[in-house]
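First comes the structure, then the notes that go with it.
Chain A is the first sequence line, chain B the second, and so forth, proteins listed ahead of strands; every chain is numbered from 1.
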Number of protein chains: 2
Amino acid sequence: MASSTVENYLKHVLLLSAGGDGLVSMGALAGALAVVPGTATTMVKALADGGLVEHRPRHGVRLTAAGRRLALGVLRKHRLVETFLVNVLKMDWAAVHAEAEQLEHAISDDVLDRLDALLGHPATDPHGDPIPSRQGQLDSQVYATLATCVADKTLRVVRVTDQSAEFLQFVDQTGLLPGTALRVASRNLAAGLVTLKRPGARPLALSLAAAGNILVAPAR
Amino acid sequence: MASSTVENYLKHVLLLSAGGDGLVSMGALAGALAVVPGTATTMVKALADGGLVEHRPRHGVRLTAAGRRLALGVLRKHRLVETFLVNVLKMDWAAVHAEAEQLEHAISDDVLDRLDALLGHPATDPHGDPIPSRQGQLDSQVYATLATCVADKTLRVVRVTDQSAEFLQFVDQTGLLPGTALRVASRNLAAGLVTLKRPGARPLALSLAAAGNILVAPAR
DNA sequence: AGATTTATTTTGACTACTCAAAATAGGCCG
DNA sequence: CGGCCTATTTTGAGTAGTCAAAATAAATCT
């Protein structure tokens with residue numbers, strides 16, 4: 001398994017390569033990791049040996065497919081942990097980053113999946129940063145889910161992410177198909193409930209887990 | 001801050017010093033940490049330099065007050081994390097030990113306090129092991145085991161002391177979880193067997209060795 | 001093109017932790 | 001008491017990651 005040091009290098013290469021051509025300079029990487037440039041060079045060469053990055057000497061570093069997969073996994077852990085700390089443990093918005101920095105390296109995939117379900121499969125963390133999917137998709141087009149969006153805005157269902165037969169049947173029967181306009185009447189995190197209001201229909205209560213599988217956008 | 005390695009050494013010295021005079025042998029410590037004896041010696045000398053343990057060469061090692069304080073903090077984290085994983089994330093009884101082993105070193109005191117509150121300040125973890133208080137008090141009540149108590153009293157399981165996944169799974173499947181009421185129907189020392197009777201369940205035979213890992217108290 | 005600035009890489013050294021295997025000390029048994 | 005068995009310690013060496021500072025390559029600016 002990758003050490004936390006390796007995970008940190010990969011995560012920061014991913015974050016720094018967001019804009020631009022994907023090549024990250026040694027200086028930027030060293031700065032982000034709070035190490036001297038020589039250390040970053042040494043480490044990047046080791047990562048390149050391991051096939052996790054491509055190193056173009058004196059030019060920069062870029063993730064390979066394998067490195068990107070790992071980096072996205074770390075980012076997913078980081079952002080889901082942040083969301084947990086804020087939504088469940090009610091921690092300060094500003095304090096959670098440092099906490100997550102530690103926990104992202106200690107949490108297993110199993111625990112992560114359960115956390116994800118508990119939180120209702122959020123699309124973004126409390127700061128609005130998109131959370132990579134389990135499969136490593138990082139949506140640049142970010143939608144809110146019914147589990148995370150604020151009350152009283154008029155919304156439109158855009159996508160249903162749980163493909164299980166039972167859930168799709170439920171969505172069909174309750175008329176929550178993509179395109180439906182609705183409004184979140186209330187959210188009760190303690191009870192794990194979301195109440196929806198649709199024009200010309202009875203209010204509908206939904207578990208947070210279920211609501212997390214329904215992506216919405218502001219109604220045009 | 002103490003490294004996870006240091007935290008692990010201290011935690012295991014604490015756990016191993018439970019019985020006996022508090023002196024832990026190098027062999028036992030090395031075994032618990034899965035390192036060769038020479039490594040344990042080297043590390044213990046470093047801990048002694050740091051004032052966390054007292055090293056009596058060729059005799060053993062014991063925690064200082066400072067070391068004990070740290071070790072109890074780690075144990076508190078471990079057991080609260082286990083409780084969270086089982087009670088909130090509904091994880092398997094037998095799997096949480098390994099998870100907690102990682103998380104205990106990554107979780108801050110702030111997060112721990114909030115977890116503690118969320119769980120309702122539990123006194124024991126899911127295995128029945130006592131959780132040290134925030135101030136470092138460890139409830140060390142002595143319980144009888146199923147291997148030693150007399151027949152025909154009504155008892156209640158309070159704690160399971162073998163943390164191996166196999167044993168925990170067995171306990172789970174046979175329904176001997178902490179809280180369960182039962183009665184020792186017979187003890188056969190020659191055969192090394194204990195037979196249990198539970199209300200509404202079939203009698204269950206157990207080896208003395210296994211029975212020794214299940215702590216019980218008189219049912220109120 | 002030549003000189004200078006700036007980023008990067010190299011080199012040598014250090015800390016923390018580990019193992020393998022040789023050396024040693026304690027306890028015990030006759 | 002003397003010898004042996006066993007646990008412990010020592011020694012020498014290796015891995016992962018780091019820094020300080022010298023060497024080098026790239027880019028820029030006359």
Side-chain angles (χ1 to χ4, degrees), chain A residues 1-13 16-17 19-63 66-67 70-71 74 101-102 104-106, chain B residues 1-13 16-17 19-63 66-67 70-71 74 101-102 104-106:
Chain A
M1 220 196 356
S3 69
S4 358
T5 308
V6 167
E7 290 188 347
N8 269 329
Y9 273 83
L10 296 177
K11 182 184 72 175
H12 280 111
V13 173
L16 291 169
S17 64
D21 56 354
L23 258 194
V24 176
S25 79
M26 281 302 157
L29 184 56
L33 288 158
V35 297
V36 300
T39 300
T41 300
T42 310
M43 196 62 201
V44 160
K45 284 205 296 185
L47 294 178
D49 280 353
L52 296 172
V53 302
E54 176 194 347
H55 183 204
R56 306 234 351 258
R58 305 233 172 229
H59 289 275
V61 62
R62 142 189 8 253
L63 293 174
L70 252 79
V74 178
E101 208 70 16
Q102 300 304 312
E104 69 190 5
H105 308 296
Chain B
M1 217 199 353
S3 69
S4 357
T5 309
V6 168
E7 289 188 347
N8 270 329
Y9 273 84
L10 296 177
K11 182 184 72 173
H12 279 111
V13 173
L16 291 170
S17 64
D21 56 354
L23 257 194
V24 176
S25 79
M26 281 302 157
L29 183 57
L33 289 157
V35 297
V36 301
T39 301
T41 300
T42 310
M43 195 63 200
V44 160
K45 283 205 295 187
L47 295 177
D49 281 351
L52 296 173
V53 301
E54 176 195 347
H55 183 204
R56 306 229 356 254
R58 301 216 117 99
H59 289 276
V61 62
R62 133 182 25 245
L63 293 173
L70 252 78
V74 178
E101 208 71 15
Q102 300 304 310
E104 69 191 4
H105 307 297

Contact residues, residues 22-36 of chain A to DNA chain C [heavy atom, < 4.0 Å]:
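Residues of residues 22-36 of chain A under 4.0 Å from DNA chain C: A/Ser25, A/Met26, A/Gly27.
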Output the rounded distance in Å from [atom1] ([X]) to [atom2] ([N]).
{"X": "B/Arg56", "N": "D/dT9", "atom1": "CZ", "atom2": "P", "value": "11 Å"}
{"X": "A/Met43", "N": "C/dT9", "atom1": "CE", "atom2": "P", "value": "15 Å"}
{"X": "B/Leu47", "N": "C/dT18", "atom1": "CG", "atom2": "P", "value": "11 Å"}
{"X": "B/Arg58", "N": "C/dG26", "atom1": "CZ", "atom2": "C1'", "value": "8 Å"}
{"X": "A/His105", "N": "D/dG17", "atom1": "NE2", "atom2": "P", "value": "12 Å"}
{"X": "A/His55", "N": "C/dA7", "atom1": "NE2", "atom2": "P", "value": "16 Å"}
{"X": "A/Lys45", "N": "C/dT9", "atom1": "NZ", "atom2": "P", "value": "8 Å"}

Among C/dG27, C/dT8, D/dT10, find the nucleotide with the atom closest to the side chain of B/His59.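 Shortest atom-to-atom distance from the side chain points to C/dG27.
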Each nucleotide N or O in nucleotides 2-4 of chain D that has a protein N or O under 3.5 Å away: list the pair and distance.
none

Which is true for B/Thr5 with a 4.0 Å heavy-atom rule: it touches a base, it touches only sugar-phosphate, or it touches nothing?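 It contacts sugar-phosphate atoms only.
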### Query
Nearest 0.5 Å, what's the CE-CG distance between B/Met43 and B/Leu29?
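Reported to 0.5 Å precision, the distance equals 10.0 Å.
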Handout entry: Taking every non-hydrogen atom, the tightest pair across B/His105 and B/Ser4
Key =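 So the two residues come closest at CG-CB, 3.5 Å.
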